[in-house]
Structure formats: structure tokens, C-alpha cells
Amino acid sequence: MARTFRVLGIGLGLMVGLVVLWIGVVYLISGRHLQQEYTLHAVNLTVAEDSATLARGRHVATIRGCMDCHGMDFGGQIFIDDPMFGRFAGPNLTRGGRGAVLTVADWERAVRHGVRSDGRPLRFMPAIEYNQLSDEDLTALIAYVRHLPPVDRSDVPIRIGPLGRMLHLTGNLPLLLTARLIDHDAPHRSAPPYGPTAEYGAYLPVHAPDVTDRASAA
Ligand code: HEC
């Protein structure tokens, strides 16, 4: 009897040990991915601020869904909060928050590359969907958000839970770090002429790119 308990105890101990080891490995590897540093080419963009540009920026922000995560007033909001998966919140991008310090280069890095000003990847910022945004649309977007009334709301810290990290490592959460999926050297084209053409339709975010294949290849 005592022997059976001992064997069971050792078996249970081994299992717990393996789970702890596995969680440790998941945190180690995902931690490395989060610390990866990206070096990007410098871009030279000028932001116009006339009313046509601001209207264009508002249109781009709306069809690209920025408010889904950054809030209707761009003042930031939590969009996922789960103990296992994690807590994800878009930061306040108005001049009352991050917008006060973001340079045009910071905006470009974040929106088209999913990379923060210190070169680290942004979490859950779907830059892969915006990587091919034209310079005109990107700068209109920046002008529009900069002209919004400043919102006085603090950012909620992001936390990636064990399930979120595990799904990331198995390639089932490609949107967690889209900087890993982007070809950072790809040239940025101009938007095709506005109109009811297949070419313009292909430029619009009708379908999110199929990132699953590229995630498992990464
Ligand atoms: C699926 C949710 C989501 C959508 C949609 C989204 N964002 Fe984000 N964005 C985030 C999150 C989350 C962060 C913060 C990530 C971090 O701190 O690691 C972020 C960060 C940013 C940053 C960087 C802020 C900084 O501190 O460096 C900018 C700029 C930004 N987003 C702009 C946009 C714009 C413009 C759009 C629309 C074209 C957009 N985002 C759409 C989730 C989203």
C-alpha cells in the first residue's frame, strides 16, 4: 500500500515538474520574442493639416478599424481581459496620452511595422493589416488623430497570460506580435487612384490577410 502511494507520489511529482518546466520554457521563448529588436529604414514623411487631409484621415481611421481597440475617442480602451489569455488594451493616442510624445517616425513604425520607438515589437497591434498603407493615407491618419481633442485617460498595462503565450508559440495567435510576420524591407507604394476598380478594392481592408500560414512558417 505504502509502496503504491510512493509510486503515485513520484508520478504526480514528475507530472507537476514537467508542467512547471514547460510553462518556464513557454515564458522564456515568448519573452525572447517580445524582446527582439527591429531595425527599420528611416522614412521621410510630411504631415499636411488641411481640412481635406483631416477628412481623409477620419475616413482611413474608420475603415481600418483603429477605434475598435483605441476607443471611439482614441483615448484608449481594454479590448480583451481574461486571466489565462491576457489583458490587452489600446493606448490613448490623443495628445492627452501617447499622442503627446509620438513623432511621425514613431507613428510610421507602429502602424506599418508594429514596432515601438525603442525597436521592440508592439503587442496585438495588427500592423500586418496596415503595412501597405500608402504614405498619403498614413499621414492623413496621423493628422486626424493629432487634431482630436486630448483625452485624459491613463493607459491600462498589457499582460500576456500563459494561454496567450502558448497560442503564440504554436502559431495560433499570429496577431500577438505581427512585427514577426512583416517584411520590413518591402517598399511602400502609393494608393491606387480612388474609384470603383478592382485595384482600389484590393487596397482596401476587405479581407484581413491570411496571416495563419505565414505565422506557422515564421
Ligand atoms: C486589434 C487592436 C488594435 C487595432 C485594430 C489597432 N491598434 Fe494600435 N495598438 C494596439 C495595442 C494593443 C497597442 C499597444 C501595444 C503595446 O504597447 O505593446 C497599439 C499601439 C499603437 C501605437 C503605438 C503607441 C506607442 O506607444 O508607441 C500606435 C501609433 C497605434 N497603435 C495606432 C493605431 C492606428 C492608427 C490604428 C488603425 C489604423 C490602430 N492602431 C489599430 C491595438 C490595436
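In each ligand, atom 1 is the first atom listed, and ligand 1 is the first ligand listed.
When non-hydrogen atoms are compared, ligand 1 lies under 4.0 Å from neither the backbone nor the side chain of A61. Residue contacts with ligand 1, taken as heavy atom pairs separated by less than 4.0 Å, involve L102 solely via side-chain atoms from C-beta onward. Contact annotation for F88 and ligand 1: no heavy atom of the residue comes within less than 4.0 Å of the ligand. Within the 4.0 Å heavy-atom criterion, the part of L93 lying near ligand 1 is the side chain and not the backbone. The proximity of V60 to ligand 1, defined as any non-hydrogen pair under 4.0 Å, does not occur for either the backbone or the side chain.
Ring geometry for F88 against F85 counts as perpendicular: the plane angle is over 60°, on a 0 to 90° scale with 30° as the lower cut.
Note: L175 CG to L181 CG = 8.0 Å, rounded to the nearest 0.5 Å. Here the CD atom belonging to E37 is positioned 4.5 Å from the CZ atom belonging to R120, to the nearest 0.5 angstrom. Rounding to the nearest 0.5 angstrom, the gap separating the CD1 atom in I160 from the CE atom in M166 is 14.0 Å. Remark: R116 CZ to R98 CZ distance equals 7.0 Å, nearest 0.5 Å.
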Verdict with reasoning, D137 to Y203, per side-chain contact (heavy atoms from CB on, under 4.5 Å): CA-CA 11 Å; D137 280 354; Y203 173 71; 2.7 Å; yes
side-chain contact (heavy atoms from CB on, under 4.5 Å) assessment of R87 paired with I158: CA-CA 5 Å; R87 184 179 54 213; I158 291 177; over 6 Å; no
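Look at D106 and you'll find every heavy atom at least 4.0 Å from all atoms of ligand 1. The shell of residues lying under 4.0 angstrom from ligand 1, judged by heavy atoms, excludes D68. A heavy-atom separation below 4.0 Å is not found between S117 and ligand 1.
Atom 33 (C) of ligand 1 has its closest protein heavy atom at M125 CE, 3.4 Å. Of the protein's non-hydrogen atoms, the one nearest atom 26 (O) of ligand 1 is R98 NE, 2.4 Å. The nearest protein atom to atom 38 (C) of ligand 1, hydrogens excluded, is given as C66 SG, 2.6 Å; this is a heavy-atom distance.
Distances below 4.0 Å separate heavy atoms of G65 from the following atoms of ligand 1: 5 (C). Atom numbering of ligand 1 starts at 1 in the shown order; those under 4.0 Å from a heavy atom of C69 are 1 (C), 2 (C), 3 (C), 4 (C), 5 (C), 42 (C), 43 (C). Here is the list of ligand 1 atoms found below 4.0 Å of a heavy atom in V111: 32 (C), 35 (C). Annotation for ligand 1: atoms under 4.0 Å from non-hydrogen atoms of P91 are 11 (C), 13 (C), 14 (C), 19 (C), 20 (C). Of all the atoms in ligand 1, the ones that sit under 4.0 Å from a non-hydrogen atom of W107 are 29 (C), 35 (C).
Considering H70, R123, R116 only, the shortest heavy-atom separation from atom 8 (Fe) of ligand 1 involves H70. Of the listed residues (F124, F74, F79, Y130), the one carrying the non-hydrogen atom nearest atom 41 (C) of ligand 1 is Y130. Between G57, G76, A110, it is A110 that holds the heavy atom closest to atom 23 (C) of ligand 1.
Of the N and O atoms on the side chains of S134 and E136, at least one donor lies less than 3.5 Å from an acceptor on the other residue.
H184 and H41 get closest at one heavy-atom pair: O-CD2, 4.3 Å.
Side-chain contact between R165 and L34: present, with at least one pair of heavy atoms (C-beta onward) separated by less than 4.5 Å.
Cation-pi check for R153 over F74 is not met; the charged atom does not lie both under 6.0 angstrom from the ring centroid and within 45 degrees of its normal.
In R64, the CZ atom is crowded: over 12 heavy atoms of neighbouring residues, nucleotides or ligands sit closer than 6.0 Å.
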